[in-house]
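See below for the structure under consideration.
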Amino acid sequence: PGRFDRQIAIDNPDVKARADIFRVHLRPLRLASSVSPSELADRLARLTPGFSGADVANVCNEAALVAARDDAAAVDSTHFERAIERVIGGLERQSRVLSRGERRAIAFHEAGHAVVA
């Protein structure tokens with residue numbers, strides 16, 4: 001349904017729009033008393049150039065998870081900084097050495113590519 005010959009480009013939000021999106025997603029979080037939600041939203045918006053609205057939501061969710069892992073009573077700015085790093089870089093790998101089982105699974109996967117080609 002709809003027209004496939006029309007495409008509309010929607011850019012990622014600018015700093016002001018990201019700050020507004022952060023304000024929305026910060027509302028349900030229990031923030032540390034030392035943190036002002038408005039100032040935090042402005043600061044986080046400046047730290048996240050090029051982020052989409054979904055990325056902003058992921059940062060807020062990830063910050064809450066980081067705080068929970070640290071057994072913190074509230075989310076503070078350090079949790080948000082770690083969350084931004086995680087959203088940008090993905091999951092941190094504990095080691096670059098692959099286990100025997102991982103090597104075997106990768107070998108089967110790559111062999112599948114060879115069979116299909």
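Between atom CD1 of residue I84 and atom CZ of residue R86 there is a gap of 14.0 Å, rounded to the nearest 0.5 Å. Separation of atoms CZ (R100) and CZ (R103) is listed at 6.5 Å; rounding is to 0.5 Å. Atom CD1 of residue I10 and atom OG of residue S52 lie 11.5 Å apart, to the nearest 0.5 angstrom.
Contact of the F80 side chain with the L29 side chain is registered, since non-hydrogen atoms from C-beta on lie closer than 4.5 Å.
Applying the 6.0 Å contact sphere to CD of E39 captures no more than 12 heavy atoms from other residues, nucleotides or ligands.
Clustering ILVMFWY residues whenever any of their side-chain heavy atoms sit less than 4.5 angstrom apart, transitively, puts L40 in a cluster other than the one holding L65. Each of V15 and F22 belongs to its own hydrophobic cluster when Ile, Leu, Val, Met, Phe, Trp and Tyr are linked at side-chain heavy-atom distances under 4.5 angstrom. Linking Ile, Leu, Val, Met, Phe, Trp and Tyr residues whenever their side-chain heavy atoms come within less than 4.5 Å leaves V66 and L26 in two separate clusters. The hydrophobic cluster containing V24 does not contain V59, counting ILVMFWY residues as joined when their side-chain heavy atoms lie under 4.5 angstrom apart, directly or transitively.
Nearest approach of G50 to N12, heavy atoms of both residues: O-ND2, 2.9 Å. For the residue pair H25 and V56, the shortest heavy atom distance occurs at CD2-CG1, 4.4 Å.
With respect to E62 and R69, a salt bridge is recorded, a charged nitrogen being found less than 4.0 Å from a carboxylate O.
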### Verdict with reasoning, F51 to I88, per side-chain contact (heavy atoms from CB on, under 4.5 Å)
CA-CA 9 Å; F51 274 38; I88 291 172; 3.5 Å; yes
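Residues passing the salt bridge (charged side-chain N to carboxylate O under 4.0 Å, His left out) test with D20, sequence neighbours excluded: K16, R23.
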